[in-house]
Amino acid sequence: MYKITASLLFIFAFFINSFAQQPDKLNASQIHHAVQKLNFLGSVLYVAAHPDDENTRLISYMSNHVKARTAYLSLTRGDGGQNLIGPEIRELLGVIRTQELLAARRTDGGEQRFTRANDFGYSKHPDETLAIWNKEQVLSDVVLAIRQFKPDIIINRFNHRNPGSTHGHHTSSAMLSLEAFDLANNKNIYPEQVKKYGAWQPKREFFNTSWWFYGSQEKFDAADKSNLLSFDVGVYYPSKGLSNNEVAALASSKHLCQGFGRLTQRGSQTEYVELLKGDLPKDKSNIFDGIDTSWNRVKNGNFIYSVLNKVETEFNFQNPAAHLSELMSARELIQTLDNEHWKTIKTKEIDAIIEACAGLYLEASATAPTSSPGEQIEINLEVLNRSASNIELTSYLISTNKTANLKAQKLNTNEKFNFNETVSISEETKPTTPYWLEQKGSLGMYTVEDKSLIGKPETPRALTVDFNLKINGKPLTITKNVVYRYSKPDKGELYRPFEIIPEVSAKVSKKVIIFENDQQKEIPVIVRAGRDNVEGVIKMDYPKDWNVYPKQQKIEIANKGQEQTVIFTVIPPKNQSEGILSPIVTIGDKDYNKELIEIDYEHIPFQTVLLPSESKIVRLDIKKKGENIAYIEGAGDVVPESLEQIGYNVITLKPEDITTEKLSNFDAVVVGIRAYNTVEALKFKQDILFDFVANGGNMIVQYNTSHRVKVKNIAPYSLTLSRDRVTDEFAEVKLLEPKHELMNYPNKITTKDFNGWTQERGLYFPNKWAKEFTPMLAMSDKGESTKKGSLLVAKHGKGHYIYTGLSFFREFPAGVSGAYRLFANMLSIGKGDISNTLDIKN
Ligand SMILES: [Zn+2]
């Protein structure tokens, strides 16, 4: 009696639009730079809150000019931002921004670290931030970063002294950094960390200030700068053919999802840092003054210095391989150091230098981009010595194996050496996914079960190969992640990380499914095979008062990467209700309930993310009037799809389509978010739209920012936008006009309709309006004045104009029923006979 359609869709989602991402191959100048950095034993940790907060000019200057080991500690991964380049939001945006930070660091030469703090969205004050984050956990992660990285110098991006003047995450990052400076050397604080990494006292802490923090350039010029250090970050690097500020612009331009693509800059430019803790350097041009940053810093380092100083000063740019025997001796000396911290860092650095000097090409490339647990995969190994040095491949160890494969292969100069290896991926291998998303977190924190991963930018790769070599008879192991290398005729050679995926994954085609009445809906579920010959069954998990048919369906997919779509009939209950619908695929004795998401952009490596496969199902108690809605696009929201879900017919109009004649076909016009900030052409269309309202239409305008408004009149009556916002999504909402038609027809709106909202109530509310407007709601954030501008309605001629800063663009995709009910009333106002509905004002 129920229609069951099972169709096989032959979609191979691989191989689409991946660009470059080749491994680094250092040239002679880059090797020399690496040797200079090898001979500098000092570290700088830069601290801020979000991806894109970091000052890449200073990070690049410290890394490339000072030659210090430099890292950026971003407290969050930026989940709460908006996405300019694609549909990913929240945790998936955090994955993109994590990779954008890593790409920025590959450009400016820094390293990247994080804490477990989650960017939960805009926060007005550090008190709120630190209440939503688990302050103790984030502080312990900052202390951990200091103990692991052991910086001499800490530089904060933000001022800890002006809470409330910027994003609460920003101020919190500086406050926590300052607190951690005093705690990191105390052995009684987080003693389990001390056991593993030791305690550490950074020498100095600074605030990366600028004229902006003083109010104006004039005030800054006049200010006392005795506590400030300054650097010319416009220095030119002949070895790169680039100025430091050009490198910095290239690095910050990686933050593309935040719209940071920008022009490069050159020429002298001054950066300032203000001393917060520690002593002021006597030589103010040297931030490390009084700190030994030479090899003398470590016991017996002078022997290493005597070898490596010669390599640096007499570097052979024509033949870097000439330094191999000196480098191998230095490496041996480094292995005898007592100081484990510097031993580990400098070994890693010198190994990369040796590999580059020898012109070694070592690569392990799989014949497919993915594999699943229990499968076998073929790996191509390429080993090549492009120097005249005496190098031998003694053996290689694939991480899935217990013992190394012996090879004893002498690597003759430029004699290519390729061989294949079949690797079994064990059943226990964990699929590739960002480690911080494996467990369900809270609003403010990621949950990370494996403590050894805390702070790491990404999940270590499951499949690696150790190449065990002998260079001039001395052993050296170089480890490579297995990659997937391929080519496209129109792109050239391309790389992507090799990934482990589950043998099957499934997703419901929509993330939120709205039932506007008790009619059943047929819901497609897409099942994807991670290997060949997948056979099993799929069933659905759903809330008690709902029903789903059939109870179970068969899954049969022949090829890896192929998808099968199965249809389930979902029957909603009679009354308002919501819950989670999630598919479970059973293969043998294993259940799979994850969705596989692929993130593919040119500027970052390909990413796969596994998340619980869940869709929200909502049975709405909703009535509506009017059928046809015109939608005018702004900066992008999902209002059209959302209104279609509740049965409206929505047509998107381009500015040139906005004519009196066209508009006469519609009951209401909805203007997309920030349309008056982004669509210049609308300034010629406002009069036509207001006439439409005067003739009986309804017009709903969603939020615009108060600056850069491109139209003269946003509304038919005067209306002043402000920066008023209510960021607490739980903030109490008062109905100012409970008897107004908007609050009663066709749906009776109560304060219950404001339950379950997400991220915020709204933003950029007007703070002044003409008497024609009636404010409908009052709300406020803790400790702030009451805001009444979130929803304003004005009768204009025969129709209604409504301006709202309420965040419908966030609530609709989250399936918040109250938001749908209220919006239905906004569209329906003036459309029905309310004469028999007592006591309603219009
Ligand atoms: Zn920020």
Side-chain angles (χ1 to χ4, degrees), residues 45-59 71-85 88-105 108 110 112-133 135 138 141-142 145 154-178 206-210 212-213 248-249 251-262 271 273 436 443-446 457 705 707 723 725 727 759-760 763-764:
L45 182 67
Y46 197 88
V47 181
H50 306 119
D52 80 14
D53 283 345
E54 83 276 22
N55 180 349
T56 53
R57 287 185 302 275
L58 208 47
I59 291 176
Y72 172 39
L73 172 63
S74 176
L75 263 45
T76 76
R77 296 174 186 266
D79 295 22
Q82 309 215 10
N83 182 0
L84 201 75
I85 58 172
E88 296 85 1
I89 52 166
R90 299 200 166 223
E91 59 266 64
L92 297 178
L93 182 63
V95 174
I96 293 178
R97 297 183 73 184
T98 295
Q99 291 299 324
E100 289 187 339
L101 275 179
L102 288 168
R105 296 298 80 80
D108 61 28
Q112 187 58 49
R113 295 192 56 102
F114 293 94
T115 73
R116 285 169 289 174
N118 192 347
D119 174 5
F120 55 83
Y122 192 78
S123 170
K124 287 175 177 169
H125 200 278
D127 289 351
E128 183 205 22
T129 302
L130 295 173
I132 295 177
W133 286 348
K135 189 214 158 181
V138 184
D141 288 0
V142 178
I154 295 178
I155 303 175
N156 299 335
R157 166 75 283 190
F158 297 105
N159 194 348
H160 61 287
R161 292 160 295 203
N162 56 355
S165 68
T166 175
H167 201 317
H169 299 174
H170 291 164
T171 316
S172 299
S173 73
M175 290 165 65
L176 292 171
S177 169
L178 228 67
F206 295 92
F207 158 48
N208 185 191
T209 191
S210 76
W212 190 85
F213 292 96
S252 74
S253 284
K254 299 292 181 192
H255 296 299
L256 291 180
C257 74
Q258 302 305 299
F260 268 48
R262 56 175 62 168
E271 278 290 337
V273 294
W436 61 96
L443 176 63
M445 297 300 295
Y446 301 119
T705 61
H707 56 284
R723 297 178 64 86
R725 63 202 288 172
T727 55
Q759 194 153 340
E760 63 190 352
L763 63 175
Y764 290 99

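Values reported hereafter were calculated over all heavy atoms of this structure, with side chains retained and with hydrogens, waters and symmetry mates removed. First listed ligand is number 1; within each ligand, the first listed atom is number 1.
In summary, Asp53 places an N/O/S atom under 2.8 Å from the Zn ion (ligand 1), meeting the contact criterion. Note on His170: counted as a metal contact of the Zn ion (ligand 1), an N/O/S atom lying under 2.8 Å.
In this model, no donor atom of one side chain and acceptor atom of the other lie less than 3.5 Å apart for Asp108 and Thr56.
Side-chain N or O atoms of Glu271 include none that pairs as donor or acceptor with a backbone N or O of Asn208 at under 3.5 Å.
Closest N/O/S atom of His50 to the Zn ion (ligand 1): ND1.
With respect to the salt-bridge test (charged N to carboxylate O, under 4.0 angstrom), the residues Arg97 and Asp52 qualify.
With sequence neighbours excluded, no residue forms a ring pair (Phe, Tyr, Trp, His ring centres under 6.0 Å) with Tyr72.
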